[in-house]
Structures are given as structure tokens and as C-alpha cells.
Amino acid sequence: RVALDMGPEPVAPTIENDPPHYTFDETFESKIDRYVEEIEKQVIKKPAKPLSEDIEYKGDFKKKDGKIIPHGKGMYISKKNSLRVIGNFKDGAPEGPAEFVYPDGSLLKAEFQNGETKGLGVKYIDNMKYEGELIEGKPGGSGIYSFRNEGKIYVKRQDNTNYAKGYSADGKLWYRGEYNNGRCDGVGEFFYRNGNVYKGQFKEGKMEGMGALYDRYGDTIYKGMFKDDQPAHRFMMYTEPGITVGIVLYNIVQMLRRY
């Protein structure tokens, strides 16, 4: 083997677990929709009760110390920022199916218990739809991320770790590996359309840590440390197994992405 002395080659992490796709109850959202629509019909014409300078409430309530406490079917409406909550309430907090419309336009449909999300939910944010487990009202655990015209990501929680498979709109696998907080995070594999493959560590959606790039034939392009989606150092390029032909700069990652 002809090569410059750059020390021992780092070993890229590999994926050992490949769990099946997570499936979501397709009737969940429609059940929430029907429940919320029925409540809205019942309370929309009821007089609004002020709960504060900003919040009005329509629906069933009880009084405590002279204050109105939402209790039963009802709807919160913010006069300042378009926040709206429709569902069943218990002692002022959502209890059971409810829908939240947030000022930024995002939408949450979920089951609540003592004011906290319980189990499953559906959330819309910009061009993304999430269906699955919720933690404090946010996507967490097993679920499905659907992106308008951009494909889906299936996340399955297994052995206290979230594993994901990401598919493009045409059904091609582009990512397989650990996934946290809506991003590639941990050990994973990224599949380029030109056949090249990155295997290694990710952090907050970017290649970060130890990794390796392979061409479509499985030959090594680069092995080493990555930082901010790019190789952290100069590195060796291989065109044939075991033969080093030169040293190139980190910009090759950007070149590989131009598929």
C-alpha cells in the first residue's frame, strides 16, 4: 500500500439496530376532529366570559371564589394573538380530546390528562405533519414525520433510543439511524442520490464526530472526524481499495451533495 503517514485510520460507527416502521392509528385524528367540531357547534353562540384581559371563554364552567373556571365542554380564545383551545376542561385545564391552534399557525390535536398531553397526538408545523407519541406537547418517541412534497421519516423508539428511517417523496431511503428532537442525532447512515453513503455520527441534524464516506461501489472516500457537516481536517481520498492517491480538502462533502 502506498500512503502518506497520517496515523491509524479511525473506525466509523455502524448501525446495528434496524427496527420496523412505526404505524399510527389513522382514525385517531378523525376522532379528535369530530369531537372538536361538535363542541364548537355547541358553544360558538354562547356568550363569551372574560377570564383575563386577553382570554375569553365560551362553554361550560363553574365558579370558585367568584371566578369563572372552565369545566366541561368549551373554547378558549385569545384576543391578542389568535391562540384558540377547543375541548373538554376540568378545573380549568384540558381533559380528554382537545385542539390547540397556536399564534404561529401550528396546530396540535391530542388527548389530555390534568392539562398535559397523554400518549398520542397529531401536530402540524409549517409544511410538516407529525403523528405519534408526545412529550409535553412536542413530538417525542415513536412517530411519523410527513413533509409536504418531501417524503416521510418513520421513528421507532426501541431500547430507550429513537431509531429512524427517512424516505424521499419518490420512496428512496436517504437516512437510517438515531433521531432525536426532530433531527438526525447519534449514529446514522445518509444515502446520497448519486450512490455515495456517509456512515457515522450526527449531532442536531449535522454530520459531527467520527464518520466515513463511501462511493457507490463501496470504496472509501474518506474516514475521519466531521464538524458542522464537513470533514474537520485534511484527509486521504481513495479511488481503489487500499490505494491512496492524494490529499484533498474538506470541500468534497459539499461536492458530493450536488446530486
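With a 4.5 Å cut-off on side-chain heavy atoms, T117 and E136 do not count as touching. With a 4.5 Å cut-off on side-chain heavy atoms, Y198 and D229 do not count as touching. Contact of the I125 side chain with the Y130 side chain is not registered, since no non-hydrogen atoms from C-beta on lie closer than 4.5 Å. Counting only heavy atoms from C-beta outward, the side chains of M210 and M225 approach each other to under 4.5 Å. In this structure the side chain of H71 reaches within 4.5 angstrom of the side chain of K90, judged on heavy atoms. Y76 is not listed as a side-chain neighbour of L83, based on a closest heavy-atom distance of 4.5 Å or more. Inter-residue side-chain proximity for E178 and D185 is flagged as unmet; no heavy-atom pair is nearer than 4.5 Å.
Surrounding CG of D104 are more than 12 heavy atoms belonging to other residues, nucleotides or ligands, all under 6.0 Å away. Heavy atoms of other residues, nucleotides or ligands lying less than 6.0 angstrom from NZ of K79 number more than 12.
For K109 and F28, the positive end is not near the middle of the six-membered ring at less than 6.0 Å and at most 45° from its axis. In this structure, K172 forms no cation-pi arrangement with F191, as its terminal cationic atom is not both closer than 6.0 Å to the ring centre and no more than 45° off the ring axis.
The same ILVMFWY cluster, assembled from side-chain heavy atoms under 4.5 Å apart, contains both Y102 and F89. Note on Y167: it clusters hydrophobically with V197, by side-chain heavy-atom contacts below 4.5 Å among ILVMFWY residues. By the criterion of side-chain heavy atoms lying less than 4.5 angstrom apart, applied directly or through intervening Ile, Leu, Val, Met, Phe, Trp or Tyr residues, V101 is grouped together with I44 in one hydrophobic cluster.
Partners of D25 according to the salt bridge (charged side-chain N to carboxylate O under 4.0 Å, His left out) rule, which considers only residues two or more places apart in sequence or in another chain, do not exist here. Under the salt bridge (charged side-chain N to carboxylate O under 4.0 Å, His left out) criterion, E133 pairs with no residue at all, not counting sequence neighbours. The side chain to side chain donor-acceptor pair (under 3.5 Å) check on Q42 picks up E38, with sequence neighbours excluded. Applying the salt bridge (charged side-chain N to carboxylate O under 4.0 Å, His left out) test to E111 and every residue at least two apart in sequence or in another chain returns nothing. Listed by chain and number, the residues in a side chain to side chain donor-acceptor pair (under 3.5 Å) with Y124 are E29, K129 (sequence neighbours excluded). With sequence neighbours left out, the salt bridge (charged side-chain N to carboxylate O under 4.0 Å, His left out) criterion links D60 to K46.
The six-membered or imidazole ring of F190 lies away from that of F202, with a centre-to-centre distance of 6.0 Å or more.
K58 and P47 make their closest contact through CG-O, 4.1 Å (heavy atoms, listed as atom of the first residue, atom of the second, distance).
Side-chain contact check for D159 and T161: no donor-acceptor pair (N or O, by modelled atom type) lies under 3.5 Å.
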